[in-house]
S.K.: 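My questions will all concern the structure given below.
Below, read A as the first sequence line, B as the second, and so on, with proteins coming before strands; counting in each chain starts at 1.
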2 protein chains.
Amino acid sequence: MVTTPAGTEPPGQAKRADARRNITAILDAAQQCLVADPEANISEIAKAAGVGRVTLYGHFASRAELINAVFARAVADSERVLDDLDLDGDPHAALGRLVAASWRIIDEFRALLRAAHNYIPAERIRVAHDRPMRRVQRLLERGRVAGVFRDDLPISWMVAVYHSVIHSAATEIAAGRLSDNGAADLITATLLGAYAPPSS
Amino acid sequence: MVTTPAGTEPPGQAKRADARRNITAILDAAQQCLVADPEANISEIAKAAGVGRVTLYGHFASRAELINAVFARAVADSERVLDDLDLDGDPHAALGRLVAASWRIIDEFRALLRAAHNYIPAERIRVAHDRPMRRVQRLLERGRVAGVFRDDLPISWMVAVYHSVIHSAATEIAAGRLSDNGAADLITATLLGAYAPPSS
């Protein structure tokens, strides 16, 4: 690939770079606008992105398509964060790190998911949980082999409990019954209890 | 109150007894029909109750009103079952009894709630959970005083975990990932772990 000084790219290449910048600006603006107001419309998002409605519609044919693209990008970003986590070593500590990182993502996603709720099929939301759930399962299996997690309950159930306890914390915070402060530690303490071998 | 042999009641009294029988038949039929098919309509429900549509509408002005009445009766029935539970003695065993009874109710309610979902305001569903949740809280408080449940987590959070783990089991069973068989024991084992003092 030949690199050229800024402003001197061949016309086609400059156009593609422009388009990429616009798409990024539109997705950033859409995410911010939808988090602030789940009902944010295309005109508001275009304005926040600094592009015209025609440009926006050139990239995303509908509001639903735009919301789906925002969701897809957020899922991909989250996956990168979770993939970079070190889940080796003591399974208790690894669970704490996984909960803390997952919690930050859910916290960030919550408003976005609320906005996207009506535009993203439930099946797609479920599939987006598949990889995170497999990560939890691998950690639980490792902890079982190490003898620090219980093995008297089905592993799929223990994964479901992880999911359920984290989302319950999000609901409690949204309802004002729980403080966001220290929520990740609370979740980890609850899960470590639920996962402890019953004899211990 | 004067009792009279069947068929010889004064006309007004016989009419009221008829009306009561019809209301019970309509509520029974509505509950059965809605559990079998959440979209069951008024004609089907009237037919199953053995009354005409006009009679049904004489007691319940709309399908929504009928569904609300079915829900209210189911809540009252559940409350009676839970009020009769013995929650004294060993808190662990009491929690097991409470989970088993709650689980049977949720199992019965699940299809009904799915049917009622669009017709019962979320706030009413929340209020219906208030008394059951207070019952859980009292048991947890008693177990804390006895030193068998942890006291390092907010009590409202421990109540939320109860709620969340039970409903998660219902979801897992509906999705075919968990067997209904032994589910109450699984829930109790999970909660007892989550509630155990961390040092134990």
S.K.: Which of the residues B:L186, B:T171, B:L153 is involved in the greatest number of heavy-atom pairs with chain A at under 4.5 angstrom?
M.R.: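 Heavy-atom pairs under 4.5 Å are most numerous for B:L186.
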
S.K.: Determine, using the 4.5 Å side-chain heavy-atom cutoff (strictly less than), whether B:L191 and B:I155 are members of one ILVMFWY cluster.
M.R.: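 They do share one cluster, since a chain of ILVMFWY contacts under 4.5 Å joins B:L191 to B:I155.
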
S.K.: Can you tell me how far the CG atom of B:D185 sits from the CG atom of A:D152, to the nearest 0.5 Å?
M.R.: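 With rounding to 0.5 Å, CG (B:D185) is 11.0 Å from CG (A:D152).
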
S.K.: Under a 4.5 Å cut-off applied to non-hydrogen side-chain atoms, are A:L192 and B:P198 in contact?
M.R.: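 No - every pair of side-chain heavy atoms lies 4.5 Å or more apart.
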
S.K.: Name the member of B:E172, B:R177, B:H163 that forms the most heavy-atom pairs with chain A at distances under 4.5 Å.
M.R.: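 Ranked by contacts with chain A, first place is B:E172.
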
S.K.: Which bit of A:L178 is near chain B, if near means a heavy-atom gap under 4.5 Å: side chain, backbone, both or neither?
M.R.: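 Side chain only.
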
S.K.: Of the non-hydrogen atoms in B:W157 and A:T190, which two are nearest, and what is the gap between them?
M.R.: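 Closest heavy-atom pair between B:W157 and A:T190: NE1-OG1, 2.8 Å.
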
S.K.: State plainly whether one hydrophobic cluster holds both A:V159 and A:V145, where clusters connect Ile, Leu, Val, Met, Phe, Trp and Tyr through side-chain heavy atoms under 4.5 angstrom apart.
M.R.: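 In one cluster with A:V159: A:V145, no.
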
S.K.: With a sphere of 6.0 Å drawn around CG of A:D86, does it hold more than 12 non-hydrogen atoms of other residues, nucleotides or ligands?
M.R.: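 More than 12 heavy atoms, drawn from other residues, nucleotides or ligands, come within 6.0 Å of this atom.
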
S.K.: Between the side chain of B:S164 and the main-chain N/O of A:S164, is any donor-acceptor distance below 3.5 Å?
M.R.: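 The answer is yes, because a donor-acceptor pair under 3.5 Å joins these two groups.
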
